[in-house]
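Here the structure is laid out as structure tokens; the discussion comes afterwards.
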Amino acid sequence: MKTRFNTVDIRAVIAEINANYIGMRVNNVYDIDNKTYLIRLQKPDTKAVLLIESGTRIHSTDFEWPKNTMPSGFAMKCRKHLKSRRLTQVKQLGVDRIVDIQFGSDEAAYHLIIELYDRGNIILADHEYTILNLLRFRTDEAEDVKIAVREKYPVENARPREPLISLERLTEILAKAPNGEQVKRILNPHLPYGATLIEHCLLEVGLSASVKVDSQVDAAQVAPKILEALQMAEEYMEKTESFSGKGYIIQKSEKKPSLAPDKSSEELLTYEEFHPFLFAQHVKSAYVEFDSFDKAVDEFYSKMESQRIDMKALQQEKQALKKLDNVRKDHEHRLEALHQAQEVDRIKGELVEMNLAVVDRALQVVRSALANQVDWTEIGLIVKEAQAAGDPVACAIKELKLQTNHITMLLKNPYISEEDQEEEEEEEDVAEQKEVQKGKKNKNKDKDKGQKNKLQKNKPMLVDVDLSLSAYANAKKYYDHKRSAAKKEQKTVEAAQKAFKSAEKKTKQTLKEVQTVTTIQKARKVYWFEKFLWFISSENYLVIAGRDQQQNEMIVKRYLRAGDIYVHADLHGATSCVIKNPSGDPIPPRTLTEAGTMAVCYSAAWDAKIITSAWWVHHHQVSKTAPTGEYLTTGSFMIRGKKNFLPPSYLMMGFGFLFKVDEQCVFRHRGERKVKTIEEDMEEVTSSTAELLEEGEELIGDDSSNEGEGEDKGGVGGETEDKMKKENEVEGEDDADRMEDEAEEDEGESDKEAEMKSDEESGEVSFPDTTISLSHLQPSSAESSICLCLPSLHKVKLTPGTQKKGKAARTAVLSFMKAKEASVREKDLFRSVKDTDLSRNMPGKVKVSAPNLLAAKKK
């Protein structure tokens, strides 16, 4: 698999970055890990993100990458010098795999130098290339260069682009190459093109991609053709100077194993390479075409992790099926051995019967000698003398096993002549050779017929004969052995069938678990509102609320828009709630009531168990401007005009899961969340209240959020604030910087999937269209394919109590797992959510109530 950029890739991606992003200002810098960084760019109405990875790649990205919670020292240094500066130039230093990104101009310029070779490096330098910070210190003793802070970066040492290699120089390089070495491997160290482009050009001029220089290929003869290929490679280098073409990802096909032998194997296509051109060696391969090389690279690296998971799962599936195949083969070998033993016993019994006179005469001779107390050695000599004289009985005796009271005789079918035997053997040899030539010979085929032919074709066989038994008794002994082996074979067949079914069941379970884990491990899209407290109301409105003062501030400043409603409660620690309303239509009463319940529950009222009312106002009534002489703290706002008080809110919340279904299943769930008439609403609320009092069901909306930390939300102090300040002291970043980072991080975080599009700037959310809760599953939707789940309310009721959040979350999930209606897939999804994600939105110490919860605990 290709893992890093070559020179052609660097030239192509630089051309695209220069064409699309020059002139944009740096908004912020983030670190994904210790060698990968994101540079967020913006200009009016346009945003972009550049991703740089030391030693590997540079490109723009449309994907969301997980950022470190606290920025690294290098990221902080980049923020200090690069923020608000324009991207003015991106260039390659010579033909080396080094990219120089310039921000600002003249003496106010700064350079970010990315080394994409060896172990890689990222260097921040000023306008004179004096190093201000870097990822890795190093010293190049060969060139007497020290890469360190306050040293000057050796830009002048970059390898310049040279003219096309001469024919004489090419011939010299080929002549000095080791015998049998491939041409592309010989030339690669001497040229900047890369092995892939050289291979393509060799194919284009009619040479083999793996052409070698050896005794059969004269270097002087092949050199002109190779030079023609290098001229073509030079043309491709010129194309990348102002590249504006497409991008290609080459795919590799892997066969997925199947339990059913008659079922065709599925193919797993994985990304193998990325290129700015569709090279000749890849034309017949599976590939994906993109509008630009930049987009192709972004797609390639974004899917690498998920494809590693796919490949790991594929290997696990292969191992599981290999074990099953070994069990099958082992059983077949055992049965074959038993079957052959039966056939041998049957044939021996028949041969004894066909040669009764000879066997009886041999038994009499040996018994007589033993009765006369002849020495065993002398008996052997007597037999040999008789064999030399041509005695047929003596010739049939091949070994004396007197210590076990047996003799071994060579018996054959006396009813087939030697001429017939030789003729049949010749025919058999010819037929066998034909089968071998056709590749159709199968040793395990027609075993019964083959064993019978041994007898019919008079193939002699060694048979042990017991001296204490007559010839008939010896024949009967072999038949008895045959019947005993047949019974054993039958028992083995029955046991093998059971064992194989058990192994097959275990294998199917393993394959199922592998597939489930693979699906769940792939990170789902995290929506922009999940960093807040949130829920989807019964009438499909998104409601968000702050976890602390900083988030309260951010929600009002950045997300409160025209038409939205602000909900709050006059209680210490009450969170600021915003009902997103992109349509501008009046918000229905039920959604207002649910938001009010959220505001009260995430306040001091929860622990104090006080029932009180929340209130709501329009967006234009919320202001950050304080009266003269007063000061508003972070998370506090001035409300101008009338407050609209809501009915008293019960201290009840819900906990559960939302499920996202496949796009083709969405139609089954249309209209499940809609604004109801007063009569419908009152009827449903009355019904729900009755069920709640009887069974402990939830009271508020179908999917009201339960996602809280339990700290003092929106108030002064609290665990979250103290912990945050401690972290900021360690990292040297104050609360204002942190809030600014979060706000800037939020920009542009829109969902790229069409069916789940959410725009954080406008607050538009179509996410619930493909989301259902278990309580909404209708009979017609039983076949809906669930593909992911998000923590939200369902089934269990939360009220103020004494149980800690983590234990309460596990108790709730336990009740879901024990529910009869829960499918295997749903249970797998329940298990996939981390404990921290389950409990992080609970408002504090709680009591969990649900129907049959006690029974589930006992189970």
Side-chain angles (χ1 to χ4, degrees), residues 333-370 376 379-380 382-429 431-432 443-490 492:
H333 291 159
R334 289 184 184 181
L335 293 175
E336 182 182 349
L338 287 170
H339 187 80
Q340 287 180 350
Q342 293 175 57
E343 289 300 312
V344 169
D345 285 336
R346 181 184 64 80
I347 294 169
K348 286 181 177 179
E350 290 178 354
L351 286 174
V352 171
E353 275 190 305
M354 293 177 183
N355 296 275
L356 283 175
V358 174
V359 173
D360 270 333
R361 180 59 182 158
L363 290 172
Q364 289 173 5
V365 169
V366 175
R367 285 174 186 162
S368 176
L370 291 172
W376 289 2
I379 294 175
I382 294 171
V383 170
K384 286 182 179 180
E385 289 176 1
Q387 288 174 346
D391 183 273
V393 175
C395 289
I397 299 174
K398 292 300 178 183
E399 185 180 359
L400 296 173
K401 297 180 180 179
L402 301 179
Q403 66 274 15
T404 59
N405 205 35
H406 283 77
I407 60 173
T408 300
M409 300 185 68
L410 184 65
L411 304 177
K412 62 181 180 180
N413 188 345
Y415 303 111
I416 297 180
S417 64
E418 293 184 3
E419 291 78 8
D420 291 341
Q421 175 189 347
E422 291 175 358
E423 188 176 332
E424 286 184 5
E425 287 179 353
E426 287 177 3
E427 290 176 359
E428 184 186 41
D429 291 339
E432 190 172 320
K443 294 180 180 178
N444 296 324
K445 187 178 180 182
D446 295 333
K447 296 185 184 69
D448 294 340
K449 183 178 179 181
Q451 294 292 344
K452 290 177 182 177
N453 287 341
K454 286 182 181 179
L455 180 63
Q456 293 171 354
K457 294 173 184 176
N458 197 25
K459 289 186 177 180
M461 180 177 285
L462 293 172
V463 180
D464 282 349
V465 180
D466 191 338
L467 293 173
S468 63
L469 301 176
S470 65
Y472 272 119
N474 272 286
K476 183 178 181 297
K477 183 184 74 170
Y478 281 112
Y479 290 140
D480 289 342
H481 284 172
K482 190 255 182 188
R483 283 192 290 271
S484 176
K487 290 179 181 178
K488 188 175 181 180
E489 181 185 14
Q490 183 60 35
T492 303

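Sequence positions, counted from 1, serve as the residue numbers for this chain.
- The side-chain contact (heavy atoms from CB on, under 4.5 Å) test applied to Ala486 returns Gln342, not counting sequence neighbours.
- Residue pairs meeting the salt bridge (charged side-chain N to carboxylate O under 4.0 Å, His left out) criterion with at least one partner in residues 401-411, sequence neighbours excluded, are Lys401-Asp464.
- Remark: Asp391 pairs with no residue by the side chain to side chain donor-acceptor pair (under 3.5 Å) rule, at least two apart or across chains.
- In this structure, Ala394 and Ala386 approach most closely via the heavy-atom pair CB-CB, 3.3 Å.
- If you take CG on Leu370 and CG on Leu400, they are separated by 9.0 Å, rounding to the nearest 0.5 Å.
- Shown here are the side-chain contact (heavy atoms from CB on, under 4.5 Å) partners of Leu462, two or more places apart in sequence or in another chain: Lys398, Thr408, Leu410.
- With values rounded to the nearest 0.5 angstrom, Glu399 atom CD is found 11.0 Å from Ile407 atom CD1.
- Side chains of Val366 and Val383 form no contact here, defined as non-hydrogen atoms less than 4.5 Å apart.
- Taken to the nearest 0.5 Å, the CD atom of Glu343 stands 9.0 Å off from the CD atom of Gln340.
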In residues 351-365, what donor-acceptor pairs under 3.5 Å come from side-chain atoms, sequence neighbours left out?
| from | atom 1 | to | atom 2 | distance (Å) |
| --- | --- | --- | --- | --- |
| Glu353 | OE1 | Tyr479 | OH | 2.5 |
| Asn355 | ND2 | Leu351 | O | 2.7 |
| Asn355 | ND2 | Lys412 | O | 3.1 |
| Asp360 | OD1 | Ala471 | N | 3.4 |

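- Note on residues 475-489: pairs passing salt bridge (charged side-chain N to carboxylate O under 4.0 Å, His left out), not counting sequence neighbours, are Lys476-Asp480, Asp480-Arg483.
- For the side chain to side chain donor-acceptor pair (under 3.5 Å) test, residues two or more places apart in sequence or in another chain that qualify with Ser468 are Asp466.
- Put simply, CG on Leu469 and CG on Asn474 are 5.0 Å apart, with the number rounded to the nearest 0.5 Å.
- Remark: Gln490 pairs with Glu494 by the side chain to side chain donor-acceptor pair (under 3.5 Å) rule, at least two apart or across chains.
- The side chain to side chain donor-acceptor pair (under 3.5 Å) search around Arg334 returns Asp330, not counting sequence neighbours.
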